[in-house]
Amino acid sequence: MTSFPILSAVTFVPLLGALLIALFVGKDNNKLAQNIALFISLVTFALSCWMLQQFDVAQTAFQLVERFVWIPTFNIAYIKGIDGISVWFVMISTLLTPICILSGIGGVHKRVKEFMIALLVLESMMIGVFTTLDFVLFYLFFEGILIPMFLIIGIWGGEKRTYAAYKFFLYTFLGSVLMLVAIFAMVIQVGTTDMTAMIGYKFPPQMAMWLFLAFFASFAVKTPMFPFHTWLPYAHVEAPTAGSVILAGVLLKMGGYGFIRIAIQMLPQASHTFAPLVIGLSLIGIIYTSLVALAQTDMKKLIAYSSVAHMGYVTLGIFSFNEQGFDGAMMVMLSHTFVAAALFLCVGVVYDRMHTREIARYGGMATNMPKYALVFMLFMLASVGLPGTSGFVGEFLAMQGAFLANSWYGLIAALGMVLGAAYMLWLYRRLFYGTLDKDDVRAMPDLNAREITMFAPLLILVLWIGIHPSTFRSIYAPTLEKALSDFQVQTGDQSQNAQFQGDTP
Amino acid sequence: MLDIAVVFLPLLGAIIAGLFGRIIGDRASQIVTCAGVLTAAAISIYLFNDVALNGNATDRVLLDWIQSGTFSVNWGIKIDTLTAVMLVVVNGVSSMVHVYSVGYMSHDKSIPRFMAYLSLFTFFMLMLITSPNLLQMFFGWEGVGLASYLLINFWYEKPSANNASIKAFLVNRVADVGFALGIFGVFMLFGSVTYSEMFPKAADLATMDWILFGHTFPALTSVCLLLFIGAMGKSAQLGLHTWLPDAMEGPTPVSALIHAATMVTAGVFMVARLSPVFEYAPNALHVVAIVGALTCITAASIGLTQFDIKRVIAYSTMSQLGYMFFALGVSAYSAAIFHLMTHAFFKALLFLGAGSVIHAMSGEQDMRKMGGIWRKIPITYALMWIGSLALAGIGIDGLFGFAGFYSKDLILESAIATGGTIGTFCYVLGLIAAFMTAFYSWRLIILTFHGKPRADHHTMEHVHESPWIMLAPLMPLALGAIFAGWYAFDWFGGEGRAEFWKDAIFHLPSHDPIALAERVPEYEKWLPLGVALPGIILAYIFYVLKPTWPGKVTMALGGLYRLVYNKYYFDELYNFLFVRPARKLGEFLWHKGDDATIDGLGPDGIAALSLRIAQRVSAVESGYIYHYAFAMVIGVAVFTTWFCLKG
């Protein structure tokens, strides 16, 4: 380890910041706690940009690797490293945290100091998940996230926060237990906790099946996939805005990341075998949750259900096992991060003013809040997948990939386009159109400078990905293509990638 | 540079007026958007000369867009004759509508927003027609859908406008599922969605079959039909048309630009653009022809019965689009684009004229409350006559005719020249529709302008001719409605065809109905005029000479009339089949699926279960040794079984 340990720095700077706030900030000095937290998160973001700059796109192996033995008895080491797949997840974590802190400055008024600490701890954990290559540490970070998230929902949440936190915990914990067993089994089998050694290792087929199911339980809950999604609407509804942003923006992506990193890369044959199950649940999820979203009267719940539907495209793309599907899955994850984060922030804007998420309590806001209406409109369109926004690129590629795998997949997924437009337009109509006849709605001021600062980077990213996704794709593409070709070599399945060659029937 | 300017100037105008309209004010927003589109219109005429007449077609890449493995699509600008014609139509009508809107919307409180939306629409439409690949076309396609949604809903405080706009977006989205699947299929089949890479491969794929949705289909036919579903939505063809009449909720300039002259013709453009593919899928072309012909007659029949002046024109638009589609279906691509062009002029004229009438009548749209105003608004009246003459296709063969005369005759003659079941079917329905067209056009003129005033005294006092800012833009459109067909016939239907089009559209040598059309019997050439004139005369009899007849006929027809008047109950059917079930299903899945089943069996169920087990267990903790011993034995048995099975 000769160079500066950039990954450790990115991971632990937020934790240090949290410690700093905990030890040196007075109980009622909210302003100071907020400023330190914002500063630390910006420093972390700057560090991660430096990391991105050092990242060598052409190299498909893990980079910026740091490695030293931690617990020699059990051969547990401290290993960090990133590849093209994880690098963006680190970036979205470091980008969303300062935005969440900005949102928290406006929306959280009790126990401000503790809230900032929780957010920074959460950031450390998230970055830890995406940069760690030791399986035991990976598990610790993966589960460690539950604690600050549980607290954020449980302390700063809404009225039914206990039920939501319980549900969140029960679901994710159940998945985690199975995952822990699977990790132990793998570590014993391979003889090391080094995740890089697991990639390409040939597990016995029978064992691989069980391992896949165990991981599937965990990732299907995290993603979330139908029918393991019912914790999400409650968690979102009760979580404070910043919690929802992190939840939708980063935590759900851990499921997709896990599917690529562990299912595809470590258990290719089992992934191949179980693909019909995963794709079936993804397609049901897309249609089912879109229909349920149509019936919602609580705007946060509606967006939560739309999240489930969008994540359906992720798993659909991954398990189509072709380039367009993989690319689509990555793009949907990136896009959904910014779009869902922004939509939850949008809900936060009016929630901070009116303290209700009931859609029917609003109406006609296009008249008195034109800036807000415009911002909401743009993110709504990205959610609907209008070409030119980030939402289109990912969903289009995921559907193209699914169509190549089986035309039915493409058709069903494409029907989600219609339902997605239906529930979002219907939401927008109820919030912004019609006459402005409620006095408290009329009294709301338009977006302020802090709020515009929150939305600006997200808006730029959504349009940038939509118009020129190559900037983002070029960084992950070599790694992802390598992962796919490895997968295809190991499973011997090239068929889904091939184009139509001739008279098949 | 000019090709970039022609596309992006309207966008620039839209951004300036949209984002800074409140700062720079109404007047500056109007100037900036009008200047952008007028400049683009001027450039379009230059490009038309350069590309269509001097043969300098261009196709270039601006920036890479989506790359993924072998899938590769760029942003680009392709201008050939087809695009050049569309550029003149789109920018020409759009610039006139922009200027007209300065007057029409002068009392509105959101002028910058309106102008920005109009310019934004123009930008998306230009992206659509200059696209060198299917995906950028899809970008423009959904973009114009967005602009249409925003403009239908421009007066967003009206619930009817809200509903109409959502309906327009969603019906188009349904159609776009077909379009998207078509793109997926094209990529699978051709390995590319860029025209220049697709078209050379079409001939080789003509006889190929593939498996789609579990069945074996001819590959090209199925792909073409999927894409055509997209075209049906945008161009309001039968089955996916229900959004168009409701779209009349938008301000009238919007109806003229989007729902008459440009956006709704995107489907026609798409099929013409893809003619090198459709030509090798004859069965797909047959479907296009049949759908077109059915739309043509159905819409015309509904047009006979409506009383809202804008709705009559809207159904007329739908019917004329039907003509264009059956022209495409019989491979008369240039005839379809010809009618697209002439229709843009006279239909925009009719809509803007209707806007002028509505403006004069203080916002009234019901023709039953109009009448007796032609002396008060003579210029509008004259312009409406010109538009109607062009729409009805009045003219004398070999001498002179209004714009629609040339293009509609060319379509009908192409249909009969094609012959066979399909050609004859289209021809007969087209002729009947031509009769209906003439009837409802003069019904509109007579009800609106003639007879005794039926409006109240107050409204009648305010009837006034529109200001020149609104009338002036109608003049170029009127000139187009009079002369465009006569002037451009040679390019679209005459000897100069091949040289004009070059390779912009393609038809197999064996599919050339326009060449055959010149040889149809003499009486066939007179038939369109022969059915149009009786239509006008009948309208005169019904609404001037014998005003009691319409009521009697209505009574006599009874159920049939109600069927047509209620637009064949498409809306009711769709509400029953799709809209309400979707809502119901959503509610059902939420409460019965998520809450009752998943949560009931999952977390809530587990919680309840563990509570019960805990109670049982505490009952088991009885202190009796044999209870514990029993539990231990069971436990050991389970473990042993597990290890045995595992080993």
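Just so it is clear: chains get the letters A, B, ... in the order the sequence lines come, proteins before strands, and each one is counted from 1.
- Between Lys371(A) and Asp446(A), no side-chain nitrogen of the basic residue sits less than 4.0 Å from a carboxylate oxygen of the acidic one, so the salt-bridge criterion is not met.
- For Phe326(A), no part lies under 4.5 angstrom from a heavy atom of chain B.
- Proximity to chain A involves both the backbone and the side chain of Leu181(B), based on heavy atoms less than 4.5 angstrom apart.
- Ranked by non-hydrogen atom pairs under 4.5 Å with chain A, the options Glu142(B), Lys109(B), Gln136(B) are led by Glu142(B).
- Across all their heavy atoms, Met127(B) and Gly140(B) have their closest contact at CB-CA, 4.5 Å.
- Contact count versus chain B (heavy atoms, under 4.5 Å) is highest, among Leu381(A), Leu411(A), Leu397(A), for Leu411(A).
- For Met377(A), the part sitting under 4.5 Å from any heavy atom of chain B is the side chain, from C-beta outward, and nothing else.
- Figure legend: cation-pi geometry between Arg113(B) and Phe154(B), with NZ or CZ positioned under 6.0 Å from the six-membered ring centre and within 45° of its axis.
- With a 4.5 angstrom heavy-atom cutoff, Leu480(A) does not touch chain B via any of its atoms.
- Contact of Ile183(B) with chain A is made through backbone and side chain together, with heavy-atom distances under 4.5 Å.
- Ranked by non-hydrogen atom pairs under 4.5 Å with chain B, the options Gly328(A), Gly363(A), Ser470(A) are led by Ser470(A).
- For chain A, the nearby part of Tyr149(B) is the side chain; its heavy atoms alone come within less than 4.5 Å.
- A salt bridge links Arg473(A) to Glu481(A): at least one charged side-chain nitrogen sits closer than 4.0 Å to a carboxylate oxygen.
- No side-chain donor from either of Trp75(B) and Asp64(B) sits under 3.5 Å from a side-chain acceptor of the other.
- Between Phe179(B) and Phe138(B), the ring-plane angle classifies as perpendicular under the 30° and 60° cut-offs.
- Contact annotation for Asp204(B): neither backbone nor side-chain heavy atoms come within less than 4.5 Å of a heavy atom of chain A.
- Using a 4.5 Å cut-off on side-chain heavy atoms (C-beta onward), Tyr574(B) and Val171(B) make no contact.
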